Amino acid sequence: MKKYAVIITGANSGIGRAAAEKFASEGHKVVMACRNLEKGRRARKEIRKLTGNGEIFLYKLDMSSLKSIRKFCKRFQREHSSLDILINNAAYFDHGEDFKLSPDKVELTFATNVVGPYLLTMLLADLLAESDDPRVLNAGSNIIKHFFDPKKEVRLSGLNGNQVYEPHSVYKCYRDSKMAFLMQTFRMSDVLKEKGIKVNMLQINGAKMSKDTLKKITLLWRSIAQVQNLFFREPEFMADLYYQICTSEDFKNVSGKLFNHKLEIMQPASEKPGLKDQYHQLFGAQLYPVYAHREDVTDLLWSHCRAITKMG
């Protein structure tokens, strides 16, 4: 079996940590790209002990900082000669937090969940292109179901450093950022197609949250989250889906798609859904909002990311 070189962002906890363990257990070289090095060191030590894999590396990476991303990429390219898989797993969602800007004056949710993955992927694209099977996987969320409502719009004002909602809502910013990330996934698949790089997204329906994560949720919502947590799958479930999408021959030539938790390729919903379609939108996992194919919004999003990162 081919051994891959893989980068996983946000690999010190949750699904990212579980994915790092999964790839390491299969003998692949894993680079854990983490903002919190203390937690990252503990996770790497545990994974090395569990898997016996010595090729597990830990690099500092803050996905909200363009400087940190550029520094990470330079170090990776200096110390590693190949890259086969990039998993953009890290995301910002700190419920109840006040409005915050990234070091580059972008609203923190959009900086981490949209601009950061854009820059990281584009900076590593040439190295990925040298692989005989390069794949990029982005972590999505079923929070985009809000956009089945035809009145919902992605507010991109956060990319200009403005407060997106008044009062500020991390939840709504996260919702908008994940839809923007899906739109970006589709566009990136088209842009990187000529390099042979496949770009897909996995829609995550939720994974069991740690005690530390639950503590970050405001008291008003924490009890609800604790109940939801009883029904969420362990992070290992989604980590295994990461692994299959990124390594299986079944998906070698698949790009520009959104996968669900059954590894089915989801389809855009109808613009004018009937009652049956509306039922599947709310309770199924086969459809995603057609809003994701709004070219005017995607063009604006792509233009913003290029301008902020000075990539083109």
Side-chain angles (χ1 to χ4, degrees), residues 4 6-9 19 63 69 73 83-91 110 113-142 144 147 154 156 159 176-204 238 241-269 285-309 311-312:
Y4 296 103
V6 54
I7 292 173
I8 305 172
T9 67
M63 288 298 289
I69 294 169
C73 290
L83 177 63
D84 303 289
I85 297 166
L86 170 61
I87 300 179
N88 286 308
N89 167 78
F110 278 90
N113 301 356
V114 181
V115 181
Y118 168 86
L119 179 61
L120 182 66
T121 305
M122 299 307 283
L123 287 176
L124 294 173
D126 286 343
L127 185 59
L128 274 166
E130 294 176 10
S131 169
D132 59 7
D133 186 14
R135 307 190 199 188
V136 176
L137 180 62
N138 296 329
S141 170
N142 68 348
I144 65 169
F147 288 90
V154 171
L156 297 176
L159 294 169
D176 288 9
S177 74
K178 282 300 181 180
M179 173 52 78
F181 199 18
L182 176 58
M183 299 168 115
Q184 186 170 271
T185 298
F186 292 149
R187 177 59 59 86
M188 196 168 283
S189 173
D190 291 338
V191 170
L192 298 181
K193 187 176 183 179
E194 63 181 22
K195 292 180 181 290
I197 300 171
K198 281 78 67 176
V199 185
N200 294 295
M201 177 175 277
L202 173 64
Q203 179 162 293
I204 296 172
M238 285 296 172
L241 300 185
Y242 279 14
Y243 187 79
Q244 292 185 61
I245 294 170
C246 291
T247 65
S248 173
E249 286 291 316
D250 293 340
F251 308 121
K252 185 173 183 177
N253 299 310
V254 176
S255 187
K257 302 298 181 183
L258 175 64
F259 289 87
N260 66 16
H261 65 285
K262 298 178 182 179
L263 288 183
E264 298 167 335
I265 294 174
M266 300 175 67
Q267 302 297 323
Q286 290 77 39
L287 302 174
Y288 62 84
V290 69
Y291 183 90
H293 294 286
R294 276 277 300 272
E295 288 296 319
D296 58 331
V297 181
T298 303
D299 288 345
L300 187 59
L301 168 67
W302 195 257
S303 177
H304 275 310
C305 286
R306 289 181 65 184
I308 292 167
T309 61
M311 292 290 291

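Fair warning: this is a prediction, and the values are worked out from it, not measured in the lab. All residue numbers refer to positions in the sequence shown, counting from 1.
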State the [atom1]-[atom2] distance between [X] and [Y], to the nearest 0.5 angstrom.
| X | Y | atom1 | atom2 | value |
| --- | --- | --- | --- | --- |
| Ile8 | Ile87 | CD1 | CD1 | 4.5 Å |
| Asp176 | Asn113 | CG | CG | 11.0 Å |
| Leu119 | Ile308 | CG | CD1 | 10.5 Å |
| Asn200 | Cys246 | CG | SG | 8.5 Å |
| Ile204 | His261 | CD1 | NE2 | 12.5 Å |
| Leu182 | Ile144 | CG | CD1 | 5.0 Å |

Can any side-chain N or O of [X] pair as donor or acceptor with the backbone N or O of [Y] at less than 3.5 Å?
| X | Y | result |
| --- | --- | --- |
| Ser131 | Asp84 | no |
| Asn138 | Thr185 | no |
| Gln184 | Val114 | yes |

Check: Do other residues, nucleotides or ligands put more than 12 heavy atoms under 6.0 Å from Lys198 NZ?
Finding: yes
Check: Is the CD atom of Glu194 crowded by more than 12 outside heavy atoms at less than 6.0 Å?
Finding: no
Residue pair [X] / [Y]: nearest heavy atoms and the distance that separates them:
| X | Y | value |
| --- | --- | --- |
| Pro117 | Thr121 | O-OG1, 2.7 Å |
| Gln203 | Met266 | NE2-CE, 3.6 Å |
| Leu241 | Asn260 | CD1-O, 4.4 Å |
| Ala90 | Thr9 | N-OG1, 2.9 Å |
| Ser255 | Ile197 | OG-O, 4.1 Å |
| Tyr242 | Ala19 | CD2-CB, 3.7 Å |

Next item on the list: Please identify each residue that fulfils side-chain hydrogen bond (donor to acceptor under 3.5 Å, both in side chains) with Tyr291, with sequence neighbours left out.
Entry: Glu153
Checklist line | Set of residues satisfying side-chain hydrogen bond (donor to acceptor under 3.5 Å, both in side chains) with respect to Asp299, sequence neighbours excluded | finding: Arg187
Check: Does any pair with a residue in residues 114-129 pass salt bridge (charged side-chain N to carboxylate O under 4.0 Å, His left out), and if so which ones, sequence neighbours excluded?
Finding: Asp126-Lys195
Between [Y] and [X], is there a side-chain heavy-atom distance shorter than 4.5 Å?
| X | Y | result |
| --- | --- | --- |
| Val115 | His304 | no |
| Ile245 | Val254 | no |
| Met183 | Trp302 | no |
| Leu192 | Met122 | yes |
| Lys257 | Phe251 | no |

Next item on the list: Pick out which of Asn89, Asn88, Leu124, Ile85 makes a side chain to side chain contact (heavy atoms under 4.5 Å, CB included) with Ile7.
Entry: Leu124
Item checked: Aromatic ring pairing Tyr288/Phe186, orientation class (parallel under 30°, perpendicular over 60°, tilted between) -> tilted
Next item on the list: Would you please test Leu159 and Leu301 for side chain to side chain contact (heavy atoms under 4.5 Å, CB included) and show each step?
Entry: CA-CA 9 Å; Leu159 294 169; Leu301 168 67; 4.0 Å; yes
